Structures are given as C-alpha cells and as structure tokens.
Amino acid sequence: MNHWILKTEPTVFSVADLERAPRRTSMWDGVRNYQARNMLRDDFRRADRALLHYSGCDTPGIAALVRVTRGGYADPTAFRRASPHYDATSTRANPRWYAVDVQLERALARIITLAELKQHANGALKGLILLNRGNRLSVMPMSEAHFAFILALE
DNA sequence: GCCAACGTTGGC
DNA sequence: GCCAACGTTGGC
C-alpha cells in the first residue's frame with residue numbers, strides 16, 4: 001500500500017466538500033503537472049491512504065485522512081470544453097491527464113500545521129517532499145513511517 | 001537543444 | 001504584497 005499527500009486550496013476544495021459528497025467520495029481531478037500525472041496514472045491504487053494538505057491559506061497544514069477508492073483513470077474534465085481544466089490535446093483514445101477517486105476516512109481533530117511539520121524537518125520527517133524548499137507538487141508520495149508520524153502528532 | 005522570459009505557486 | 005522557486009513556452 002502506498003501513502004500520499006494531496007494538496008488542495010481549501011477555498012477550491014475542502015474537507016467539507018468531501019463530507020457532503022455521496023459516499024463521502026470525490027474525484028480528484030484537474031491535476032495538470034506531468035510528474036503528478038504519472039503518479040496518479042501509474043502508482044495510485046485502491047486502498048492507498050493519503051493525507052489532505054491545505055495550501056494557499058492562512059494556516060497551511062494537514063486537514064484530513066482519505067482513502068483511494070479508484071486508481072488512475074482518464075480525467076474527464078480534460079474533455080469538457082466548459083471546464084477550466086479542459087485540454088484539447090487530451091483525447092479519450094489517448095488521455096493526457098488522469099484522476100483518481102478518494103473517500104474521506106475522517107477529518108483530523110485539528111489541522112496539523114506546516115509550521116509544526118517543519119519542526120521535524122531534520123528529524124522524523126527528514127526527506128518528506130512536502131517540506132522541500134520551493135516544492136510545488138500537488139501530489140506527493142510519502143513513506144509509511146512519515147505517514148504514521150504525522151498522524152501521531154494529532 | 002538551449003535558455004531567456006513569463007506565469008504560477010505558495011509561504012511568509 | 002513580496003519574493004523564491006519552479007514549470008512551460010517559444011524564439012533561435
């Protein structure tokens with residue numbers, strides 16, 4: 001089983017959106033970065049677990065625990081002209097972009113802030129991609145040890 | 001294939 | 001609002 005961090009701006013997509021969704025499950029779509037795309041397409045598996053990370057907000061940090069319920073499949077938003085994520089170069093026969101489905105396992109009792117995670121950047125969380133300087137990836141792999149450590153901070 | 005310019009991300 | 005970092009674009 002793989003472990004992931006999924007980054008989102010809470011004003012765009014939040015834990016509340018997952019709570020409202022049928023079966024608390026949403027498509028994770030709109031990713032338009034090749035490195036992230038490759039992970040969604042090739043490495044995401046049903047039953048993988050992921051931490052939802054809020055960025056671009058007052059208090060960046062980990063907000064929820066989710067489960068992957070469907071591995072990579074062609075991102076349908078790339079096919080829709082009206083979608084902000086529309087990409088004419090992505091076709092059903094040869095999709096360029098991929099999505100996965102995630103289900104909310106639970107919101108965390110509190111936001112585990114990025115500032116708090118950084119305190120462990122040279123210790124237990126050494127190597128965590130989220131903490132890399134200038135990191136902009138919206139989908140990141142993480143080790144099971146890092147995953148467990150972060151949850152234990154809750 | 002190189003690389004400068006540009007746009008975007010995202011923490012602070 | 002600032003700025004560092006990065007990805008993409010496009011001219012050559």
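As the structure is a prediction and not an experimental result, all values here were calculated from the model. Throughout, a chain's letter reflects where its sequence line sits, starting with A, and its residues are numbered from 1.
- Of all nucleotides in DNA chain B, those with any atom nearer than 4.0 Å to a heavy atom of chain A start and finish, going 5' to 3', at B/dG7 to B/dC12.
- Here the rule is side-chain contact (heavy atoms from CB on, under 4.5 Å) with A/Thr25, and of A/Leu18, A/Val66, A/Asp101 only A/Asp101 fits it.
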I'd like a table of donor-acceptor pairs (distance under 3.5 Å, sequence neighbours excluded) in which one partner is a side-chain atom from residues 118-129 of chain A, with atom names and distances.
none

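- By the neighbour-count criterion of 12 heavy atoms within 6.0 Å, atom CZ of A/Arg46 is sparsely surrounded, having that number or fewer from other residues, nucleotides or ligands.
- For the residue pair A/Trp4 and A/Asp48, a side-chain donor N or O sits within less than 3.5 Å of a side-chain acceptor on the partner.
- Among residues two or more places apart in sequence or in another chain, the side chain to side chain donor-acceptor pair (under 3.5 Å) test is passed with A/Arg96 by A/Tyr34, A/Thr89.
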